[in-house]
> 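What follows is a structure written as structure tokens; I'll ask about it next.
Quick note: numbers below take in every heavy atom, side chains included, and nothing from hydrogens, waters or symmetry partners.
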Amino acid sequence: MITNTELEHKGDLFPSKIINFERDGDSVFFYSENNVVLKITVLRDSLFRFRFTTKGYFNADFSYAIDENHTRGFNKLEVSEDENFYFITTSKVICEVGKKDMKHRLLDVENNVILEDELGFHWEEMYEYGGNVVKMSKISKDGESFYGLGDKATHLNLKGKRLENWATDQYAFSKDQEPLYKSVPFYIGLKDKKAYGVFFDNTFRTYFDFAHERRNVTSFWAEGGEMNYYFFYGPEMQDVVTSYTDLTGKPELPPLWALGYHQCKWSYYPEAKVKEIAGKFRELQIPCDGIYLDIDYMDGFRCFTWNKDYFPDPKKMVAELAEDGFKTIVIIDPGIKIDRDYWVYNEGIENDYFCKRADGPLMKGKVWPGECNFPDYTNPEVRQWWAGLFKELISEIGVKGVWNDMNEPAVMEVPTKTFPLDVRHDYDGNPCSHRKAHNIYGTQMARATYEGVKKFAYPKRPFVITRSAYSGAQKYTSSWTGDNVASWEHLWIANIQMQRMSLSGMGFTGSDIGGFAEQPSGELYARWIQLGVFHPFCRTHSSGHHGEQEPWAFDEEVINITRKFVNLRYQLLPYLYTMFYQYISEGIPMLKPLVYFDQQDPQTHYRTDEFIFGNQILVCPILEPNSKGRRMYIPAGEWYNYWTSEKVSGGKEIWVDSQYDEIPVFVKSGAIIPKYPVQQYVGEKDFDEVTLEVYFKSGKETSVVYEDAQDGYDYAKGRYSLRTFKLTGKENELIITQHKEGKFVTGYHSFKINLINLPFEIRSIQIDNEEVSILDLQSGNDNFLTINKDFSELHIIGN
């Protein structure tokens, strides 16, 4: 393993003085005496790319992470110089480049330093591989905080941590264990309450040191490739995250059912067991949309086959499950069994689709089927072939989603847990070794899977889930955090991982509820369900080797708690779907750590437990056994306890009482929260009415509700419904206006408005400037009104 030699730097080389510079459109090139070239590209006024080479010229510019449709363009770009510096100036940022050493610093337009080189770019000859270790070190100020890097199992604030990116199959990983399944080399810095971001787009094994080795230095380095990084300036964290998500890409909308509750285990078989599980959910009235088949559904773990002893007629079974509202999702791994009687293997051999070692033979490794070869998903021809393999599963059998596992890639019975580093890859026409391709292997597998599922599911939307991922994987797939453990510590880890993944552009993520390894107590499972329903992807999964992990494997109380919280998730589906719409349209993370929500409050900088679900719901899980409540931080503003409707003022820590069947949940004052009736699965019911829970606020608040046909692509043609509600509350009146966009006509006709904490008695009501009888609108409770969904203004006047 390469260790950072930042303290001594005996073997390090540095750029010498700049002897020439030139501008070419949106890029400026700087040339040093010792053949270093720095290329600075301005993509937007607040987004710069820095690219270094030590050999006088650049290799072909290629990245799997960058979305070709990302936003470009700036208002201003000026290049100037004085005796000591070159200056690149936009309307948001000034970049100074030192003439004697290429060190640079970035300032805002008020000349406040945002990010500054310490040693800056340097490199070290790595003779073991005949190349360079590329390094970058920045000055880190006291009080600076760091966030991001994907699903690391450590404190949300990374200050003082040292982390590694090398996709690794870490079964039953522990707190602070490094590295894990994903490689997301993007972090957010917060200094003087201003945020910036750095994305080190390098797929080799990378390291990040956040003032761990040296107190006032943050550094990142890679075991090969280029020093190639992007700098994002906020100053709001939201601006940084949105800009990064735009750069690396956003997904399309998932089908609404994918946001329902999913049930999984290693493994449900035979067919009778699958149907028994499905039937029990319907019998107990616990909503569920997805049921998963792990590796045992296959014939000898051969991908794209079925074990006919367990599943004699998979098409019939999948259709029968679908009649009861269950969508079937199946696992597909990358290892293809070496077997001359196996059609997938033969096609791979005949077309030369499998990865090879440097000296020619096929890469051979042991996974579930035994000895396997592995497709090279970095080859576009292989991805096309792989996509085509899904035809039978999706379009003929009727499977609705695919789950990619073991794609770090994982290999059994070798110390490295993966391929030898000399394995060769096509890398889309940029041939390389596994050292470079390892971290993106899983993403390219998920991409090929997505392209196949999308093709054969059309006109419905695809659903794909992956374990391993690199930045940009969110364009193709959802994900989960891998093989966690049924422990209270892992409940804490899961909560942080979801917040971090949302900040890192990969919002559609969840953990294995209850823990994959070992067996949770009923209380731990209940607490995990209570958290998991507030994660974008919601699935119970277990190894099944220590006992059962369905809700009914525990006592009646746990069954009731599970039903209560899964019901709540299904009620909140329009709210969750709207969160997803804002994520894909604006790059807004679906979960927001408190520091994202209010970076001006230094109390939020180290909070880990509380998070904002969407824009207006504050959630704080119970993370310890035998708890009847907990201390939690309420951020600035006024909030209503969801369970009691009691109002609290934020900016402080409070004690919250909480029963076994509750966790602390608060709603922002002024919020309008949409709720559907409880369904056992998405699309089970046609309903005529949707509830709007209106939380009174003295002042103004905006809420939005996005809806469409819940599947398919009509939304891309304008057939969607986007309602914007503006609430204005005063001492004796409440005004709600509605603005509608889109051509989709929702199936329901009215809103049932639940007015929460109205500070006055209603004297009169006007809808669109016409007074209506209170008696006509009230439905058994003074604060419930039923009105037409297409109102423009609701004006409630009090005594």
> Show, in sequence, the C-alpha distance, side-chain angles and deciding distance for D67 and K250, and conclude whether the salt bridge (charged side-chain N to carboxylate O under 4.0 Å, His left out) test is met.
CA-CA 8 Å; D67 182 11; K250 294 174 287 234; over 6 Å; no
> Donor-acceptor pair, T41 side chain versus R49 backbone, under 3.5 Å?
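No.
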> Is the shortest side-chain heavy-atom distance between T481 and M498 below 4.5 Å?
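Yes, at least one pair of side-chain atoms sits under 4.5 Å.
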> Before you tell me yes or no, could you show the steps for E81 and K99 under salt bridge (charged side-chain N to carboxylate O under 4.0 Å, His left out), namely the whole-Å CA-CA distance, both residues' side-chain angles and the distance that decides it to 0.1 Å?
CA-CA 9 Å; E81 63 179 301; K99 289 186 172 180; 2.6 Å; yes
> If you round to the nearest 0.5 Å, how far is CG of L38 from OG1 of T53?
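If we round to the nearest 0.5 Å, T53:OG1 and L38:CG are 11.0 Å apart.
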> Which pair of non-hydrogen atoms, one from Q497 and one from D151, has the smallest distance, and what is that distance?
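In this case the closest contact between Q497 and D151 is NE2-O, 2.9 Å.
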> Please lay out, stage by stage, how L13 and T54 fare under the test side-chain contact (heavy atoms from CB on, under 4.5 Å).
CA-CA 10 Å; L13 301 165; T54 60; over 6 Å; no
> Would you say the side-chain atoms of T154 and K161 include a donor-acceptor pair closer than 3.5 Å?
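Side-chain D/A pair, T154 to K161: present.
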> Of all the heavy-atom pairs spanning D26 and R72, show the shortest one and how long it is.
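Taking D26 first and R72 second, the nearest heavy atoms are OD2-NH2, 2.8 Å.
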> Should the pair R447 and Y377 be classed as cation-pi, given the thresholds of under 6.0 Å to the six-membered ring centre and 45° from the axis?
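No, R447 does not lie over the aromatic ring of Y377.
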> If only atom types and distance count, is the side chain of S468 paired as donor or acceptor with the main-chain N or O of G442 below 3.5 Å?
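Checking the backbone N and O of G442 against the side chain of S468, no donor-acceptor pair under 3.5 Å is found.
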> For V93 versus Y233, what's the shortest heavy-atom pair and its separation?
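Minimum heavy-atom contact is CG2-CB, 3.8 Å.
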> Can you find a pair of side-chain heavy atoms, one from K726 and one from K700, that are under 4.5 Å apart?
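Side-chain contact under 4.5 Å: no.
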> Could you label the plane-to-plane angle of the W221 and Y207 rings as parallel, tilted or perpendicular, counting under 30° as parallel and over 60° as perpendicular?
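Rings of W221 and Y207: parallel, under 30°.
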> Using a 3.5 Å distance criterion without hydrogens, assess whether the side chain of D24 forms a donor-acceptor pair with backbone atoms of S27.
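Checked: no pair found.
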> Mind checking the NZ-CG spacing from K135 to D209? Nearest 0.5 Å is all I need.
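K135 NZ to D209 CG: 11.5 Å, rounded to 0.5 Å.
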> Measure from the ring center of Y244 to the ring center of F199 and say whether it is less than 6.0 Å.
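Between F199 and Y244, which both carry aromatic rings, the centre distance is below 6.0 Å.
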> Could you tell me if N404 and T477 have a donor-acceptor pair between their side chains, going purely by distance under 3.5 Å?
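Their side chains do not contain a donor-acceptor pair, so the 3.5 Å distance test is not met.
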> Please state whether the rings of F85 and F87 are parallel, tilted or perpendicular, taking 30° and 60° as the class boundaries.
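The arrangement is tilted - the two ring planes meet at 30° to 60°.
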> Is it the case that the side chains of N615 and Q582 hold a donor-acceptor pair, with the cut-off being a distance below 3.5 Å and no angle test?
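Result is yes, a qualifying pair exists.
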> Has the side chain of H425 got a donor or acceptor atom that lies under 3.5 Å from a matching backbone atom of D376?
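No; zero donor-acceptor contacts below 3.5 Å.
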> Between K17 and D101, does a salt bridge (charged side-chain N to carboxylate O under 4.0 Å, His left out) hold up when you go through it step by step?
CA-CA 5 Å; K17 78 173 183 182; D101 54 13; over 6 Å; no
> Regarding N69 and K475, is there a side-chain donor-to-acceptor distance under 3.5 Å anywhere?
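On atom types as modelled, these side chains do not qualify, holding no pair under 3.5 Å.
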> Kindly say whether H212 contributes a backbone atom to a donor-acceptor pair with the side chain of K159 at under 3.5 angstrom?
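Side chain of K159 to backbone of H212, a donor-acceptor pair under 3.5 Å: no, none is there.
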> Below 4.5 Å, heavy atoms only, C-beta onward: do Y86 and S80 meet side chain to side chain?
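No, side chains not in contact.
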> Keeping the roles fixed (side chain from N216, backbone from I139), state whether a donor-acceptor pair exists under 3.5 Å.
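Checking the backbone N and O of I139 against the side chain of N216, no donor-acceptor pair under 3.5 Å is found.
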> Do the side-chain N and O atoms of Q599 and T604 include a donor-acceptor pair separated by under 3.5 angstrom?
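There is no such pair between these side chains.
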> Under the criterion side-chain hydrogen bond (donor to acceptor under 3.5 Å, both in side chains), I'd like the reasoning laid out for H104 against D117: C-alpha separation, chi angles, the key distance, then a yes or no.
CA-CA 6 Å; H104 51 276; D117 278 359; 3.2 Å; yes
> So how far is it from S145 OG to M237 CE, rounded to the nearest 0.5 Å?
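Here the interatomic distance stands at 8.0 Å.
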> Determine whether the aromatic ring centres of F220 and F200 lie less than 6.0 Å apart.
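Ring centres of F200 and F220 closer than 6.0 Å.
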> Verify the distance criterion only: is there a donor paired with an acceptor across the side chains of E252 and Y713 at less than 3.5 Å?
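Short answer, yes.
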> Does the side chain of E22 come under 3.5 Å of the side chain of Y31 through a donor N or O and an acceptor N or O?
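Yes.
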> Salt bridge (charged side-chain N to carboxylate O under 4.0 Å, His left out) between E144 and K141: does it pass, once the steps are laid out?
CA-CA 6 Å; E144 192 165 5; K141 299 291 190 186; over 6 Å; no
> From H122 NE2 over to M136 CE, what is the distance, rounded to the nearest 0.5 angstrom?
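These two atoms lie 8.5 Å from each other.
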> Can you see which heavy atom on D201 is nearest to which on S63, and at what distance?
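The answer is OD2-OG, 2.6 Å.
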> Would you please indicate if the ring centroids of F50 and F231 are separated by under 6.0 Å?
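When the ring centroids of F50 and F231 are compared, they turn out to be at least 6.0 Å apart.
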> Give the ring-plane orientation class for F419 versus Y441, where under 30° counts as parallel, over 60° as perpendicular and anything between as tilted.
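Taking Y441 first and then F419, their aromatic rings stand perpendicular (interplane angle over 60°).
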> Quick one: does E118's side chain have a donor or acceptor within less than 3.5 Å of a partner on K138's backbone?
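No.
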> Taking the six-membered ring where the residue is Trp, are the ring centres of Y187 and F210 under 6.0 Å apart?
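Yes; F210 has its ring centre under 6.0 Å from that of Y187.
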> Quick check against the 3.5 Å criterion: does Y583 have a side-chain atom that pairs as donor or acceptor with the backbone of G505?
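Pair found, side chain donor or acceptor close to backbone of G505.
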> Return the minimal non-hydrogen interatomic distance between F537 and S479, and the atom names on each side.
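Scanning both residues, the minimum pair turns out to be CD2-O, 3.9 Å.
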> Does the side chain of F508 come within less than 4.5 Å of Q474's, by heavy atoms?
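No; the side chains remain at least 4.5 Å from each other.
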> Are any of the side-chain heavy atoms of V113 and K191 separated by less than 4.5 Å?
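V113 vs K191: side chains touch.
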> For T203, is there any backbone N or O sitting under 3.5 Å from a side-chain donor or acceptor partner on N439?
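Side chain of N439 to backbone of T203, a donor-acceptor pair under 3.5 Å: yes, one is there.
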> Measure from the side-chain N and O atoms of T466 to the backbone N and O of A446, and report whether any donor-acceptor pair falls under 3.5 Å.
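The answer is no, because no donor-acceptor pair under 3.5 Å joins these two groups.
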> Ring-plane angle category for H438 and W166, please: parallel below 30°, perpendicular beyond 60°, tilted otherwise.
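Aromatic pair H438/W166 classed parallel.
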> A side-chain contact here means heavy atoms from C-beta on lying under 4.5 Å apart; do W480 and R467 qualify?
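Counting from C-beta outward, W480 and R467 do come under 4.5 Å.
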> Report yes if some heavy atom in the side chain of F186 is under 4.5 Å from a heavy atom in the side chain of V240; otherwise report no.
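Yes, close enough: below the 4.5 Å cut-off.
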> Answer with yes or no after comparing the ring centroid distance for Y64 and Y427 against a 6.0 Å cut-off, counting only values under it.
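Yes; Y427 has its ring centre under 6.0 Å from that of Y64.
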> Would you say L115 and R105 make side-chain contact, with heavy atoms under 4.5 Å?
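They are not in contact (no side-chain heavy atoms under 4.5 Å apart), so the answer is no.
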> To the nearest 0.5 angstrom, please state how far the OH atom of Y720 sits from the CG atom of L253.
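So the OH of Y720 and the CG of L253 are separated by 11.5 Å.
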> Roughly how far, to the nearest 0.5 Å, is NZ of K92 from CG of N75?
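That separation rounds to 7.5 Å.
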> Which atoms form the tightest heavy-atom contact between A222 and V133, and what is the distance?
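Reported closest heavy-atom pair: O-CG1, 3.2 Å.
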